[in-house]
Novice: 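Dropping a structure here in C-alpha cells format, bear with me for questions.
Residue numbers count from 1 along this sequence. No hydrogens, no waters, no symmetry mates; every other heavy atom, side chains included, goes into these values. Every value quoted in this text rests on a predicted model; they were computed, and no experiment measured them.
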Amino acid sequence: MTSLSEQDRKLIAALQAGLPRCSRPWQVVADQTGMTENDVLARVRSMQEEGIIRRVAAVPNHYALGMTANGMSVWDIDDEAVDRLGEVIGALPYVSHCYRRPRHMPDWPYNLFAMVHGANRDDVMKQVSLIAQELGDVVHQHDVLFSKSILKKTGFRLTQGNI
C-alpha cells in the first residue's frame, strides 16, 4: 500500500470531484493546494506513473448521451479460465468494467461480471452475444441484469475514513 503525503491528499481532494471548468484549471488546483501550477502537473504525472491515479479524463454521462440501457452480464465459466478470459472481456471497447466475483451456490453460479451500455436493450444484447462468442465453450450459463435507475454514481473518493 502506498502512503500519501499530506500534500498528495490535498491534491487528490482537489481533483477527485473533477477539474474546475475554466481557462486555467491547473492553476485553480494549485491555488487550492498551495502548490505552483508546474508542481501540480508534475505531481499528477508522478502519481499516474506510481499507479496512485489511473488517469485524468472526461467522464461522460452515458444517460445524457442516450445510452440508457445498462446491462450487467453475468457469466458462469470454468474457474481455471476466468482470470485469462476476464482480461480479454475487460479489454473489449464496449465493456465499461469487468470483475471476477465469488459464486454463491446453489443460487448464484456466476463468477464473471461485465457491464455493457446501449441506447436500448437490443444493443446491449448484441454486445452480450459478442461476449458469449469471445468466451466460447467455457460458458455454462449467463444472464443480463438491466439497471432500472441510477441511485448513486461517483468514482471512489478519499475521505477521512479511508485515507
Side-chain angles (χ1 to χ4, degrees), residues 1-4 8-9 11-21 25 29 43-163:
M1 184 169 140
T2 301
S3 172
L4 295 176
D8 289 345
R9 289 187 178 117
L11 184 53
I12 290 172
L15 292 171
Q16 64 188 358
L19 282 170
R21 293 182 208 172
V29 172
R43 190 60 196 133
V44 167
R45 273 189 223 104
S46 177
M47 285 195 286
Q48 283 182 283
E49 291 168 6
E50 295 169 33
I52 296 169
I53 296 174
R54 284 190 291 176
R55 65 182 184 268
V56 176
V59 179
N61 178 340
H62 58 279
Y63 272 81
L65 297 173
M67 307 294 278
T68 57
N70 306 290
M72 179 61 81
S73 62
V74 293
W75 306 85
D76 171 14
I77 68 172
D78 294 341
D79 285 330
E80 55 276 358
V82 69
D83 287 339
R84 176 179 55 82
L85 290 172
E87 294 287 332
V88 171
I89 301 306
L92 295 172
Y94 48 86
V95 172
S96 64
H97 44 287
C98 184
Y99 301 99
R100 179 181 185 175
R101 295 210 167 147
R103 304 170 193 277
H104 293 281
M105 301 304 280
D107 300 322
W108 190 258
Y110 307 109
N111 58 349
L112 182 67
F113 295 62
M115 187 69 164
V116 294
H117 308 274
N120 55 57
R121 287 182 177 221
D122 288 342
D123 288 348
V124 169
M125 293 310 291
K126 287 176 189 169
Q127 294 170 348
V128 170
S129 293
L130 295 173
I131 293 172
Q133 290 174 15
E134 289 286 339
L135 292 173
D137 60 2
V138 299
V139 176
H140 304 291
Q141 58 185 319
H142 75 280
D143 203 348
V144 180
L145 309 172
F146 282 95
S147 302
K148 290 186 173 182
S149 62
I150 295 176
L151 302 177
K152 179 186 178 196
K153 187 172 178 79
T154 63
F156 173 76
R157 302 271 197 261
L158 286 180
T159 64
Q160 287 300 323
N162 60 23
I163 294 178

Novice: Quick one: do Y63 and H117 satisfy side chain to side chain contact (heavy atoms under 4.5 Å, CB included)? Show the steps, please.
Specialist: CA-CA 10 Å; Y63 272 81; H117 308 274; over 6 Å; no
Novice: Please round to the nearest 0.5 Å and tell me the distance separating atom OH of Y94 and atom CE of M67.
Specialist: 13.0 Å
Novice: Determine which pairs satisfy salt bridge (Lys or Arg N to Asp or Glu O under 4.0 Å) with at least one residue from residues 103-130, sequence neighbours left out, and list them in order.
Specialist: D76-R103, D79-R103
Novice: Report the C-alpha distance between R43 and D8 in whole Å, list the side-chain angles of each, state the deciding distance to 0.1 Å, and finish with yes or no for side chain to side chain contact (heavy atoms under 4.5 Å, CB included).
Specialist: CA-CA 8 Å; R43 190 60 196 133; D8 289 345; 2.7 Å; yes
Novice: Taking the side chain as every heavy atom from C-beta outward, state whether L15 and V56 have any pair of such atoms under 4.5 Å apart.
Specialist: no
Novice: Is S129 close to M125 at the side-chain level, that is, under 4.5 Å between some pair of heavy atoms?
Specialist: no
Novice: Indicate the atoms forming the closest heavy-atom contact of S73 with V128, along with that distance.
Specialist: CB-CG2, 4.0 Å
Novice: Ignoring hydrogens and geometry, is there a side-chain-to-backbone donor-acceptor pair from N111 to I77 under 3.5 Å?
Specialist: yes
Novice: Measure the acute angle between the ring planes of W75 and H142, then classify it against the limits of 30° and 60° as parallel, tilted or perpendicular.
Specialist: parallel
Novice: Got a second to check how far E80's CD is from L85's CG, nearest 0.5 Å?
Specialist: 10.5 Å
Novice: Heavy atoms only: give me the nearest V95-A114 pair and the separation to one decimal.
Specialist: CG1-CB, 4.0 Å
Novice: For H62, which residues count as a side chain to side chain donor-acceptor pair (under 3.5 Å) partner, sequence neighbours excluded?
Specialist: N70
Novice: Between the main-chain N or O of A64 and the side-chain N or O of N61, is there a donor-acceptor pair closer than 3.5 Å?
Specialist: yes
Novice: Using every non-hydrogen atom in the two residues, find where C98 and G86 come nearest and quote the distance to one decimal.
Specialist: SG-O, 3.7 Å
Novice: Hey, is the main chain of L158 close enough, under 3.5 Å, to the side chain of Q16 for a donor-acceptor pair?
Specialist: yes
Novice: Can you spot which of V88, L130, I89, D78 makes a side chain to side chain contact (heavy atoms under 4.5 Å, CB included) with L135?
Specialist: I89
Novice: When rounded to the nearest 0.5 angstrom, what is the spacing between CE in M47 and CD in E50?
Specialist: 8.0 Å
Novice: So which atom in P20 and which in P25 form the shortest heavy-atom distance, rounded to 0.1 Å?
Specialist: O-CB, 3.3 Å
Novice: Specify the closest pair of heavy atoms between V124 and G118, including all atoms of both residues, with the distance to one decimal.
Specialist: CG2-N, 3.6 Å
Novice: Mind listing the closest non-hydrogen atom pair of A69 and A119 along with its distance?
Specialist: CB-C, 4.3 Å
Novice: Would you check, one step at a time, whether the test side chain to side chain contact (heavy atoms under 4.5 Å, CB included) holds for Q127 with L92?
Specialist: CA-CA 10 Å; Q127 294 170 348; L92 295 172; over 6 Å; no
Novice: Begin from the C-alpha positions of Q141 and Y110 and carry the test side chain to side chain contact (heavy atoms under 4.5 Å, CB included) through to its verdict.
Specialist: CA-CA 8 Å; Q141 58 185 319; Y110 307 109; 3.9 Å; yes
Novice: Which value, rounded to the nearest 0.5 Å, describes the distance between M115 atom CE and L145 atom CG?
Specialist: 9.0 Å
Novice: What residues form a salt bridge (Lys or Arg N to Asp or Glu O under 4.0 Å) with D83, not counting sequence neighbours?
Specialist: R100
